[in-house]
Protein chains: 2
Amino acid sequence: MVRHDKQNSAEAIAAALAHAIHEHRLAPGSKLSEDEVGEIFGVSRTVVRAALQHLAHSRLVELRRNHGAFVAQPSLREAREVFEARALLEPRTARAAAARMSPAEHARLERHIQAEHAALDQGAAGHAVYLSGQFHVEIARIADQATVAEIITQLVARSSLVIALYWQRRVALCESHAHHALLRALAAGDGSRAEEVMAEHLVTLVSSLDLRDRNAVPTSLREALGA
Amino acid sequence: MVRHDKQNSAEAIAAALAHAIHEHRLAPGSKLSEDEVGEIFGVSRTVVRAALQHLAHSRLVELRRNHGAFVAQPSLREAREVFEARALLEPRTARAAAARMSPAEHARLERHIQAEHAALDQGAAGHAVYLSGQFHVEIARIADQATVAEIITQLVARSSLVIALYWQRRVALCESHAHHALLRALAAGDGSRAEEVMAEHLVTLVSSLDLRDRNAVPTSLREALGA
DNA sequence: TCATCCAAGATCGTATACAATCTCGTGTCC
DNA sequence: GGACACGAGATTGTATACGATCTTGGATGA
(Lines give C-alpha, C1' and ligand atoms only; values in the text may rest on other atoms or scores of the structure.)
Protein backbone atom coordinates (compact mmCIF):
# COMPACT_ATOMS: atom_id res chain seq x y z
CA MET A 1 0.00 0.00 0.00
CA VAL A 2 2.52 2.55 -1.08
CA ARG A 3 0.76 5.85 -1.30
CA HIS A 4 2.79 8.84 -0.29
CA ASP A 5 1.39 11.61 -2.41
CA LYS A 6 0.99 13.70 0.70
CA GLN A 7 -1.55 15.61 -1.34
CA ASN A 8 -5.09 15.08 -0.23
CA SER A 9 -4.02 12.09 1.75
CA ALA A 10 -7.44 11.71 3.34
CA GLU A 11 -9.04 11.27 -0.04
CA ALA A 12 -6.35 8.83 -1.12
CA ILE A 13 -6.84 6.73 1.99
CA ALA A 14 -10.59 6.74 1.53
CA ALA A 15 -10.11 5.60 -2.06
CA ALA A 16 -7.73 2.84 -1.04
CA LEU A 17 -10.11 1.56 1.62
CA ALA A 18 -13.06 1.82 -0.74
CA HIS A 19 -11.18 -0.18 -3.32
CA ALA A 20 -10.35 -2.87 -0.80
CA ILE A 21 -13.98 -3.06 0.24
CA HIS A 22 -15.08 -3.11 -3.36
CA GLU A 23 -12.85 -6.04 -4.16
CA HIS A 24 -14.00 -7.93 -1.08
CA ARG A 25 -10.59 -7.88 0.52
CA LEU A 26 -12.20 -6.20 3.49
CA ALA A 27 -15.24 -8.13 4.60
CA PRO A 28 -18.41 -6.45 5.86
CA GLY A 29 -18.20 -6.02 9.59
CA SER A 30 -14.43 -5.66 9.68
CA LYS A 31 -13.24 -3.20 12.24
CA LEU A 32 -11.25 -0.24 10.97
CA SER A 33 -9.33 1.04 13.96
CA GLU A 34 -8.10 4.57 13.56
CA ASP A 35 -4.71 3.78 15.03
CA GLU A 36 -4.25 0.71 12.88
CA VAL A 37 -5.25 2.39 9.64
CA GLY A 38 -3.14 5.39 10.49
CA GLU A 39 -0.11 3.23 11.05
CA ILE A 40 -0.60 1.39 7.77
CA PHE A 41 -0.74 4.60 5.77
CA GLY A 42 1.76 6.49 7.84
CA VAL A 43 -0.51 9.33 8.89
CA SER A 44 -2.08 10.46 12.12
CA ARG A 45 -5.58 9.70 13.28
CA THR A 46 -6.72 13.14 12.17
CA VAL A 47 -6.37 12.19 8.53
CA VAL A 48 -7.77 8.72 9.03
CA ARG A 49 -10.86 10.15 10.69
CA ALA A 50 -11.53 12.37 7.71
CA ALA A 51 -11.25 9.37 5.39
CA LEU A 52 -13.54 7.25 7.54
CA GLN A 53 -16.13 10.00 7.75
CA HIS A 54 -16.03 10.27 4.00
CA LEU A 55 -16.66 6.55 3.66
CA ALA A 56 -19.39 6.70 6.28
CA HIS A 57 -21.14 9.33 4.23
CA SER A 58 -21.03 6.96 1.26
CA ARG A 59 -22.47 4.23 3.48
CA LEU A 60 -19.47 2.01 2.96
CA VAL A 61 -18.53 2.13 6.61
CA GLU A 62 -20.62 2.57 9.69
CA LEU A 63 -19.43 4.78 12.51
CA ARG A 64 -20.57 3.80 15.98
CA ARG A 65 -20.03 6.42 18.59
CA ASN A 66 -17.16 5.50 20.91
CA HIS A 67 -16.92 2.15 19.19
CA GLY A 68 -15.16 2.95 15.98
CA ALA A 69 -15.58 2.36 12.29
CA PHE A 70 -16.69 -0.89 10.71
CA VAL A 71 -17.15 -1.94 7.13
CA ALA A 72 -20.90 -1.59 6.62
CA GLN A 73 -23.24 -4.54 6.56
CA PRO A 74 -26.28 -3.52 4.54
CA SER A 75 -29.49 -4.97 5.87
CA LEU A 76 -31.76 -6.99 3.61
CA ARG A 77 -33.95 -3.99 3.28
CA GLU A 78 -31.10 -1.70 2.38
CA ALA A 79 -29.87 -4.27 -0.11
CA ARG A 80 -33.20 -4.28 -1.88
CA GLU A 81 -33.45 -0.50 -1.79
CA VAL A 82 -30.04 -0.01 -3.36
CA PHE A 83 -31.03 -2.07 -6.34
CA GLU A 84 -34.41 -0.40 -6.56
CA ALA A 85 -32.67 2.95 -6.75
CA ARG A 86 -30.39 1.63 -9.45
CA ALA A 87 -33.40 0.36 -11.35
CA LEU A 88 -34.78 3.89 -11.35
CA LEU A 89 -31.59 5.48 -12.59
CA GLU A 90 -29.61 3.15 -14.78
CA PRO A 91 -31.95 2.06 -17.56
CA ARG A 92 -32.72 5.59 -18.68
CA THR A 93 -29.09 6.54 -18.22
CA ALA A 94 -28.14 3.71 -20.56
CA ARG A 95 -30.61 5.08 -23.08
CA ALA A 96 -28.92 8.46 -22.89
CA ALA A 97 -25.52 6.84 -23.26
CA ALA A 98 -26.60 5.07 -26.44
CA ALA A 99 -27.26 8.42 -28.04
CA ARG A 100 -23.84 9.78 -27.23
CA MET A 101 -21.28 7.01 -27.32
CA SER A 102 -18.15 7.72 -29.35
CA PRO A 103 -15.87 5.09 -30.93
CA ALA A 104 -13.23 5.78 -28.29
CA GLU A 105 -15.73 5.08 -25.55
CA HIS A 106 -16.83 1.93 -27.31
CA ALA A 107 -13.25 0.69 -27.35
CA ARG A 108 -12.92 1.57 -23.70
CA LEU A 109 -15.94 -0.50 -22.74
CA GLU A 110 -14.70 -3.34 -24.90
CA ARG A 111 -11.40 -3.37 -23.05
CA HIS A 112 -13.34 -3.27 -19.81
CA ILE A 113 -15.22 -6.42 -20.63
CA GLN A 114 -12.02 -8.15 -21.64
CA ALA A 115 -10.45 -7.21 -18.32
CA GLU A 116 -13.44 -8.71 -16.55
CA HIS A 117 -12.91 -11.97 -18.40
CA ALA A 118 -9.23 -11.96 -17.62
CA ALA A 119 -9.88 -11.39 -13.93
CA LEU A 120 -12.35 -14.25 -13.83
CA ASP A 121 -9.97 -16.57 -15.65
CA GLN A 122 -7.28 -15.79 -13.12
CA GLY A 123 -9.66 -16.53 -10.28
CA ALA A 124 -9.59 -12.95 -9.05
CA ALA A 125 -13.29 -12.91 -8.27
CA GLY A 126 -13.09 -9.78 -6.15
CA HIS A 127 -11.43 -7.83 -8.89
CA ALA A 128 -14.00 -9.10 -11.38
CA VAL A 129 -16.82 -7.82 -9.18
CA TYR A 130 -15.09 -4.46 -9.03
CA LEU A 131 -14.67 -4.24 -12.79
CA SER A 132 -18.22 -5.35 -13.34
CA GLY A 133 -19.41 -2.46 -11.19
CA GLN A 134 -17.17 0.00 -12.94
CA PHE A 135 -18.74 -0.99 -16.22
CA HIS A 136 -22.00 0.49 -14.97
CA VAL A 137 -20.24 3.61 -13.79
CA GLU A 138 -18.60 4.03 -17.18
CA ILE A 139 -21.97 3.94 -18.91
CA ALA A 140 -23.23 6.70 -16.65
CA ARG A 141 -20.15 8.73 -17.52
CA ILE A 142 -20.73 8.22 -21.22
CA ALA A 143 -24.24 9.52 -20.72
CA ASP A 144 -22.45 12.71 -19.70
CA GLN A 145 -24.46 13.13 -16.55
CA ALA A 146 -21.90 13.79 -13.86
CA THR A 147 -24.45 14.08 -11.08
CA VAL A 148 -26.22 10.85 -11.91
CA ALA A 149 -22.86 9.18 -12.47
CA GLU A 150 -21.81 10.11 -8.96
CA ILE A 151 -24.96 8.69 -7.46
CA ILE A 152 -24.54 5.50 -9.43
CA THR A 153 -20.92 5.26 -8.35
CA GLN A 154 -22.06 5.27 -4.78
CA LEU A 155 -24.84 2.78 -5.36
CA VAL A 156 -22.48 0.45 -7.21
CA ALA A 157 -20.08 0.54 -4.29
CA ARG A 158 -22.86 -0.34 -1.92
CA SER A 159 -23.95 -3.09 -4.29
CA SER A 160 -20.54 -4.58 -3.88
CA LEU A 161 -21.14 -4.90 -0.16
CA VAL A 162 -24.52 -6.42 -0.82
CA ILE A 163 -22.95 -8.97 -3.13
CA ALA A 164 -20.35 -9.82 -0.51
CA LEU A 165 -23.12 -10.53 1.98
CA TYR A 166 -25.91 -12.04 -0.04
CA TRP A 167 -24.37 -13.67 -3.07
CA GLN A 168 -25.60 -17.19 -3.67
CA ARG A 169 -22.64 -19.31 -4.54
CA ARG A 170 -24.74 -21.72 -6.51
CA VAL A 171 -25.62 -19.11 -9.12
CA ALA A 172 -22.92 -18.61 -11.71
CA LEU A 173 -21.51 -15.19 -12.46
CA CYS A 174 -23.26 -14.80 -15.77
CA GLU A 175 -22.93 -11.08 -16.17
CA SER A 176 -20.59 -11.07 -19.10
CA HIS A 177 -23.46 -11.96 -21.39
CA ALA A 178 -25.55 -9.01 -20.19
CA HIS A 179 -22.64 -6.62 -20.50
CA HIS A 180 -21.99 -7.79 -24.02
CA ALA A 181 -25.62 -7.28 -24.95
CA LEU A 182 -25.50 -3.83 -23.43
CA LEU A 183 -22.41 -2.93 -25.39
CA ARG A 184 -24.03 -4.11 -28.62
CA ALA A 185 -27.11 -1.99 -28.02
CA LEU A 186 -25.00 1.03 -27.14
CA ALA A 187 -22.80 0.59 -30.18
CA ALA A 188 -25.87 0.37 -32.41
CA GLY A 189 -27.14 3.60 -30.88
CA ASP A 190 -30.30 1.72 -29.95
CA GLY A 191 -31.40 3.58 -26.81
CA SER A 192 -34.63 1.66 -26.29
CA ARG A 193 -32.84 -1.65 -26.45
CA ALA A 194 -30.08 -0.43 -24.11
CA GLU A 195 -32.68 0.71 -21.60
CA GLU A 196 -34.45 -2.60 -21.80
CA VAL A 197 -31.29 -4.69 -21.48
CA MET A 198 -30.11 -2.66 -18.51
CA ALA A 199 -33.43 -3.03 -16.72
CA GLU A 200 -33.39 -6.75 -17.30
CA HIS A 201 -29.77 -7.03 -16.26
CA LEU A 202 -30.50 -5.39 -12.92
CA VAL A 203 -33.43 -7.70 -12.31
CA THR A 204 -31.22 -10.68 -13.05
CA LEU A 205 -28.59 -9.35 -10.70
CA VAL A 206 -31.05 -9.00 -7.82
CA SER A 207 -32.50 -12.43 -8.43
CA SER A 208 -29.03 -13.91 -8.16
CA LEU A 209 -28.86 -12.64 -4.60
CA ASP A 210 -30.43 -14.34 -1.63
CA LEU A 211 -32.62 -11.56 -0.31
CA ARG A 212 -35.18 -13.71 1.38
CA ASP A 213 -36.20 -12.65 4.83
CA ARG A 214 -34.16 -15.05 6.86
CA ASN A 215 -32.52 -13.77 10.00
CA ALA A 216 -29.85 -11.26 9.29
CA VAL A 217 -26.32 -12.43 8.73
CA PRO A 218 -24.57 -12.35 12.09
CA THR A 219 -22.07 -9.58 12.50
CA SER A 220 -19.97 -11.14 15.18
CA LEU A 221 -20.32 -13.74 17.83
CA ARG A 222 -21.61 -11.14 20.19
CA GLU A 223 -24.35 -9.87 17.89
CA ALA A 224 -25.13 -13.36 16.69
CA LEU A 225 -25.97 -14.32 20.25
CA GLY A 226 -28.19 -11.29 20.64
CA ALA A 227 -26.19 -9.06 22.93
CA MET B 1 -28.08 29.82 17.12
CA VAL B 2 -28.33 28.17 20.48
CA ARG B 3 -27.36 24.59 20.04
CA HIS B 4 -25.42 23.08 22.86
CA ASP B 5 -26.38 19.45 22.80
CA LYS B 6 -22.73 18.51 22.94
CA GLN B 7 -23.85 15.22 21.43
CA ASN B 8 -22.87 14.73 17.83
CA SER B 9 -22.06 18.38 17.63
CA ALA B 10 -20.52 18.02 14.17
CA GLU B 11 -23.76 16.69 12.76
CA ALA B 12 -25.76 19.38 14.53
CA ILE B 13 -23.56 22.10 13.11
CA ALA B 14 -23.79 20.63 9.63
CA ALA B 15 -27.57 20.55 9.95
CA ALA B 16 -27.71 24.14 11.15
CA LEU B 17 -25.56 25.32 8.28
CA ALA B 18 -27.51 23.25 5.78
CA HIS B 19 -30.74 24.75 7.04
CA ALA B 20 -29.37 28.26 6.70
CA ILE B 21 -28.28 27.52 3.15
CA HIS B 22 -31.58 25.90 2.37
CA GLU B 23 -33.50 28.97 3.52
CA HIS B 24 -31.23 31.26 1.56
CA ARG B 25 -29.93 32.97 4.66
CA LEU B 26 -26.45 31.98 3.51
CA ALA B 27 -25.93 32.99 -0.09
CA PRO B 28 -23.97 30.86 -2.57
CA GLY B 29 -20.33 31.86 -2.48
CA SER B 30 -20.36 32.90 1.18
CA LYS B 31 -17.17 32.07 2.97
CA LEU B 32 -17.41 29.74 5.92
CA SER B 33 -14.26 30.29 7.92
CA GLU B 34 -13.44 27.49 10.30
CA ASP B 35 -12.50 29.85 13.08
CA GLU B 36 -15.60 31.96 12.65
CA VAL B 37 -18.02 29.03 12.54
CA GLY B 38 -16.27 27.43 15.49
CA GLU B 39 -16.64 30.57 17.54
CA ILE B 40 -20.34 30.87 16.70
CA PHE B 41 -21.07 27.34 17.82
CA GLY B 42 -18.58 27.26 20.66
CA VAL B 43 -16.50 24.36 19.41
CA SER B 44 -13.01 23.94 18.06
CA ARG B 45 -12.01 23.80 14.45
CA THR B 46 -11.78 20.02 14.66
CA VAL B 47 -15.53 19.71 14.92
CA VAL B 48 -16.21 22.43 12.40
CA ARG B 49 -14.01 20.70 9.87
CA ALA B 50 -16.00 17.51 10.22
CA ALA B 51 -19.21 19.42 9.64
CA LEU B 52 -17.83 21.22 6.60
CA GLN B 53 -16.52 18.00 5.11
CA HIS B 54 -19.95 16.50 5.56
CA LEU B 55 -21.53 19.41 3.72
CA ALA B 56 -18.88 19.23 1.02
CA HIS B 57 -19.78 15.62 0.43
CA SER B 58 -23.38 16.71 -0.05
CA ARG B 59 -22.17 19.35 -2.50
CA LEU B 60 -23.62 22.13 -0.43
CA VAL B 61 -20.23 23.63 0.23
CA GLU B 62 -17.08 23.61 -1.80
CA LEU B 63 -13.72 23.10 -0.13
CA ARG B 64 -10.77 24.79 -1.76
CA ARG B 65 -7.43 23.64 -0.57
CA ASN B 66 -5.75 26.23 1.65
CA HIS B 67 -8.56 28.63 0.85
CA GLY B 68 -11.37 27.39 3.00
CA ALA B 69 -15.01 26.45 2.66
CA PHE B 70 -17.57 28.34 0.63
CA VAL B 71 -21.26 27.84 0.08
CA ALA B 72 -21.40 26.05 -3.26
CA GLN B 73 -22.37 27.77 -6.48
CA PRO B 74 -23.71 25.11 -8.81
CA SER B 75 -22.80 25.71 -12.44
CA LEU B 76 -25.49 25.86 -15.08
CA ARG B 77 -24.61 22.38 -16.07
CA GLU B 78 -24.79 21.07 -12.54
CA ALA B 79 -28.10 22.86 -12.10
CA ARG B 80 -29.57 21.07 -15.10
CA GLU B 81 -28.15 17.74 -14.00
CA VAL B 82 -29.63 17.97 -10.54
CA PHE B 83 -33.10 18.37 -11.97
CA GLU B 84 -32.50 15.65 -14.54
CA ALA B 85 -31.60 13.30 -11.72
CA ARG B 86 -34.73 14.31 -9.85
CA ALA B 87 -36.78 13.68 -12.97
CA LEU B 88 -35.45 10.13 -13.04
CA LEU B 89 -36.23 9.44 -9.41
CA GLU B 90 -39.21 11.38 -8.21
CA PRO B 91 -42.05 10.53 -10.59
CA ARG B 92 -41.82 6.82 -9.98
CA THR B 93 -41.27 7.43 -6.30
CA ALA B 94 -44.51 9.41 -6.23
CA ARG B 95 -46.22 6.46 -7.89
CA ALA B 96 -44.97 4.18 -5.13
CA ALA B 97 -46.07 6.67 -2.49
CA ALA B 98 -49.60 6.71 -3.87
CA ALA B 99 -49.87 3.00 -3.21
CA ARG B 100 -48.85 3.32 0.40
CA MET B 101 -50.06 6.61 1.83
CA SER B 102 -51.90 6.39 5.15
CA PRO B 103 -54.44 8.91 6.46
CA ALA B 104 -51.90 10.16 8.98
CA GLU B 105 -49.43 10.85 6.19
CA HIS B 106 -52.11 12.57 4.19
CA ALA B 107 -52.80 14.89 7.10
CA ARG B 108 -49.10 15.53 7.47
CA LEU B 109 -48.74 16.60 3.84
CA GLU B 110 -51.86 18.74 4.17
CA ARG B 111 -50.33 20.59 7.11
CA HIS B 112 -47.14 20.94 5.11
CA ILE B 113 -48.90 22.74 2.29
CA GLN B 114 -50.64 25.03 4.75
CA ALA B 115 -47.31 25.90 6.32
CA GLU B 116 -45.98 26.77 2.87
CA HIS B 117 -48.89 29.15 2.35
CA ALA B 118 -48.39 30.70 5.75
CA ALA B 119 -44.69 31.26 5.08
CA LEU B 120 -45.45 32.91 1.75
CA ASP B 121 -48.11 35.14 3.29
CA GLN B 122 -45.64 36.29 5.91
CA GLY B 123 -43.12 37.09 3.22
CA ALA B 124 -40.70 34.43 4.47
CA ALA B 125 -39.75 33.36 0.96
CA GLY B 126 -36.67 31.46 2.09
CA HIS B 127 -38.67 29.39 4.53
CA ALA B 128 -41.28 28.73 1.85
CA VAL B 129 -38.60 27.39 -0.49
CA TYR B 130 -37.38 25.13 2.29
CA LEU B 131 -40.85 23.76 3.03
CA SER B 132 -41.53 23.30 -0.64
CA GLY B 133 -38.44 21.12 -0.89
CA GLN B 134 -39.36 19.16 2.19
CA PHE B 135 -42.68 18.32 0.58
CA HIS B 136 -40.78 16.32 -2.02
CA VAL B 137 -38.69 14.63 0.62
CA GLU B 138 -41.81 13.67 2.54
CA ILE B 139 -43.24 11.97 -0.50
CA ALA B 140 -40.09 9.91 -0.88
CA ARG B 141 -40.38 8.93 2.77
CA ILE B 142 -43.98 7.88 2.31
CA ALA B 143 -42.85 5.67 -0.54
CA ASP B 144 -40.88 3.88 2.19
CA GLN B 145 -37.66 3.92 0.22
CA ALA B 146 -35.07 5.20 2.66
CA THR B 147 -32.22 5.02 0.18
CA VAL B 148 -34.03 6.91 -2.55
CA ALA B 149 -35.34 9.35 0.03
CA GLU B 150 -31.80 10.13 1.09
CA ILE B 151 -30.71 10.79 -2.46
CA ILE B 152 -33.69 13.01 -3.04
CA THR B 153 -32.99 14.87 0.19
CA GLN B 154 -29.57 15.70 -1.13
CA LEU B 155 -30.83 16.68 -4.57
CA VAL B 156 -33.50 18.89 -3.03
CA ALA B 157 -30.89 20.67 -0.95
CA ARG B 158 -28.82 21.29 -4.04
CA SER B 159 -31.93 22.46 -5.85
CA SER B 160 -32.28 25.10 -3.20
CA LEU B 161 -28.89 26.46 -4.15
CA VAL B 162 -29.84 26.36 -7.80
CA ILE B 163 -32.98 28.33 -7.04
CA ALA B 164 -30.99 30.89 -5.10
CA LEU B 165 -28.75 31.39 -8.12
CA TYR B 166 -31.00 31.02 -11.12
CA TRP B 167 -34.50 31.91 -10.03
CA GLN B 168 -36.22 34.32 -12.38
CA ARG B 169 -37.96 36.91 -10.27
CA ARG B 170 -40.56 37.55 -12.91
CA VAL B 171 -42.00 34.05 -12.63
CA ALA B 172 -44.42 33.68 -9.76
CA LEU B 173 -43.96 30.96 -7.17
CA CYS B 174 -46.84 28.87 -8.42
CA GLU B 175 -45.93 25.61 -6.81
CA SER B 176 -48.82 25.41 -4.42
CA HIS B 177 -51.08 24.36 -7.24
CA ALA B 178 -48.80 21.49 -8.27
CA HIS B 179 -48.42 20.32 -4.70
CA HIS B 180 -52.17 20.35 -4.24
CA ALA B 181 -52.63 18.30 -7.38
CA LEU B 182 -50.00 15.86 -6.18
CA LEU B 183 -51.70 15.48 -2.85
CA ARG B 184 -55.03 14.80 -4.53
CA ALA B 185 -53.55 12.09 -6.71
CA LEU B 186 -51.80 10.52 -3.76
CA ALA B 187 -54.92 10.62 -1.63
CA ALA B 188 -56.88 8.95 -4.40
CA GLY B 189 -54.25 6.23 -4.59
CA ASP B 190 -53.84 7.08 -8.26
CA GLY B 191 -50.23 6.19 -8.86
CA SER B 192 -50.20 6.89 -12.58
CA ARG B 193 -51.61 10.34 -12.06
CA ALA B 194 -49.17 11.06 -9.23
CA GLU B 195 -46.27 10.04 -11.43
CA GLU B 196 -47.51 12.22 -14.24
CA VAL B 197 -48.13 15.24 -12.04
CA MET B 198 -44.72 14.95 -10.44
CA ALA B 199 -42.98 14.72 -13.81
CA GLU B 200 -44.83 17.77 -15.03
CA HIS B 201 -44.18 19.64 -11.81
CA LEU B 202 -40.44 19.14 -12.17
CA VAL B 203 -40.50 20.33 -15.76
CA THR B 204 -42.38 23.44 -14.67
CA LEU B 205 -39.87 24.02 -11.92
CA VAL B 206 -36.92 23.86 -14.30
CA SER B 207 -38.61 26.12 -16.80
CA SER B 208 -39.08 28.72 -14.10
CA LEU B 209 -35.33 28.90 -13.75
CA ASP B 210 -33.07 30.85 -16.03
CA LEU B 211 -30.75 28.11 -17.21
CA ARG B 212 -29.88 29.62 -20.55
CA ASP B 213 -26.27 29.48 -21.48
CA ARG B 214 -25.30 32.99 -20.62
CA ASN B 215 -21.94 33.42 -18.99
CA ALA B 216 -21.84 31.82 -15.60
CA VAL B 217 -22.84 33.90 -12.64
CA PRO B 218 -19.64 35.49 -11.43
CA THR B 219 -18.27 33.98 -8.26
CA SER B 220 -16.15 36.94 -7.43
CA LEU B 221 -14.69 39.84 -9.25
CA ARG B 222 -11.58 37.81 -9.91
CA GLU B 223 -13.41 34.91 -11.53
CA ALA B 224 -15.74 37.26 -13.36
CA LEU B 225 -12.75 38.83 -15.04
CA GLY B 226 -11.39 35.46 -16.06
CA ALA B 227 -8.47 34.98 -13.72
C1' DT C 1 5.71 55.39 -12.76
C1' DC C 2 5.61 50.66 -13.10
C1' DA C 3 6.93 45.97 -12.44
C1' DT C 4 9.01 42.70 -9.40
C1' DC C 5 10.15 40.68 -5.18
C1' DC C 6 9.74 39.68 -0.50
C1' DA C 7 7.94 39.60 4.09
C1' DA C 8 4.02 39.72 7.28
C1' DG C 9 -0.46 38.12 8.18
C1' DA C 10 -4.13 34.97 7.69
C1' DT C 11 -6.02 30.52 6.83
C1' DC C 12 -5.92 25.84 6.25
C1' DG C 13 -3.44 20.89 7.00
C1' DT C 14 -1.70 17.69 10.21
C1' DA C 15 0.15 15.92 14.50
C1' DT C 16 -0.11 15.41 19.20
C1' DA C 17 -2.13 15.61 23.93
C1' DC C 18 -5.63 15.01 26.98
C1' DA C 19 -10.59 14.01 28.26
C1' DA C 20 -14.65 11.09 27.81
C1' DT C 21 -16.61 6.75 27.09
C1' DC C 22 -16.87 1.94 26.53
C1' DT C 23 -15.19 -3.01 27.25
C1' DC C 24 -13.89 -6.60 29.92
C1' DG C 25 -11.72 -8.92 33.62
C1' DT C 26 -11.58 -9.34 38.64
C1' DG C 27 -13.10 -9.23 43.18
C1' DT C 28 -16.66 -9.08 46.55
C1' DC C 29 -21.03 -9.87 48.53
C1' DC C 30 -25.22 -12.45 48.93
C1' DG D 1 -22.12 -20.67 42.81
C1' DG D 2 -24.04 -16.60 40.73
C1' DA D 3 -24.80 -11.65 40.28
C1' DC D 4 -23.30 -7.26 40.74
C1' DA D 5 -19.92 -3.48 41.12
C1' DC D 6 -15.70 -1.51 40.23
C1' DG D 7 -11.34 -0.39 38.01
C1' DA D 8 -7.66 -1.04 34.47
C1' DG D 9 -7.02 -0.90 29.65
C1' DA D 10 -8.32 0.40 25.15
C1' DT D 11 -10.58 3.29 21.80
C1' DT D 12 -12.80 7.24 20.28
C1' DG D 13 -13.98 12.60 20.87
C1' DT D 14 -12.18 17.13 21.15
C1' DA D 15 -8.91 20.85 21.83
C1' DT D 16 -4.70 22.89 21.00
C1' DA D 17 -0.11 23.62 18.82
C1' DC D 18 2.72 23.96 15.10
C1' DG D 19 3.86 23.78 10.10
C1' DA D 20 2.59 24.65 5.17
C1' DT D 21 0.50 27.41 1.79
C1' DC D 22 -1.67 31.34 -0.03
C1' DT D 23 -2.85 36.39 -0.06
C1' DT D 24 -1.62 41.03 0.47
C1' DG D 25 0.82 45.09 1.06
C1' DG D 26 4.84 47.74 0.75
C1' DA D 27 9.67 48.39 -0.46
C1' DT D 28 13.06 48.42 -4.01
C1' DG D 29 14.97 48.96 -8.38
C1' DA D 30 14.95 50.25 -13.22
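Values below: every heavy atom of this structure, side chains too, minus hydrogens, waters and symmetry copies.
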For [X] and [N], what is the distance between atoms [atom1] and [atom2] respectively, to the nearest whole Å?
X	N	atom1	atom2	answer
A:Lys31	D:dA10	NZ	P	13 Å
B:Glu34	C:dT11	CD	C1'	8 Å
B:Phe41	D:dT14	CZ	P	15 Å
B:Glu11	D:dT14	CD	P	11 Å
B:Arg64	C:dC12	CZ	P	12 Å
A:Glu39	D:dT11	CD	C1'	15 Å
A:Leu63	D:dG13	CG	C1'	12 Å

Ring pair (Phe, Tyr, Trp, His ring centres under 6.0 Å) contacts in which one or both residues fall within residues 61-91 of chain A, not counting sequence neighbours:
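Qualifying pairs: none.
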Under 3.5 Å: donor-acceptor pair, side chain of A:His24, backbone of A:Ser160:
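Yes; at least one donor-acceptor contact below 3.5 Å.
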Thinking salt bridges, do A:Glu105 and A:Arg141 make one under a 4.0 Å N-O criterion?
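Looking at A:Glu105 and A:Arg141, the cut-off is not met.
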I need the residues from residues 45-57 of chain A with at least one non-hydrogen atom less than 4.0 Å from DNA chain C; give them sorted by number, or say none.
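Per residue number, the list reads A:Arg45, A:Thr46, A:Val47.
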Would you tell me whether A:His127 and A:His19 have side-chain atoms, one donor and one acceptor, within less than 3.5 Å of each other?
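No donor-acceptor contact under 3.5 Å links the two side chains.
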[X], nearest nucleotide to its side chain (from [options]):
X	options	answer
A:Arg65	C:dA15, D:dT11, D:dT14	D:dT14
B:Ser44	C:dT14, C:dC12, D:dA15	D:dA15
A:Asn66	C:dC22, D:dT11, C:dT14	C:dC22

Distance below 4.0 Å between A:His67 side-chain N/O and D:dT12 OP1 or OP2
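For D:dT12, neither OP1 nor OP2 has a side-chain N or O of A:His67 closer than 4.0 Å.
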Which residues share a side chain to side chain donor-acceptor pair (under 3.5 Å) with [X], sequence neighbours left out:
X	result
B:Arg59	A:Glu150
B:Glu81	A:Thr147, B:Arg77
B:Arg108	B:Glu138

Strictly under 3.5 Å: I want the nitrogen or oxygen pairs between protein and nucleotides 6-9 of chain C, one per line.
none

Below 30° counts as parallel, above 60° as perpendicular, anything between as tilted: where do the rings of B:His179 and B:Phe135 land?
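Taking B:Phe135 first and then B:His179, their aromatic rings lie parallel (interplane angle under 30°).
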Please tell me if the side chains of B:Gln53 and A:His54 come closer than 4.5 Å, counting only heavy atoms from C-beta onward.
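They are not in side-chain contact.
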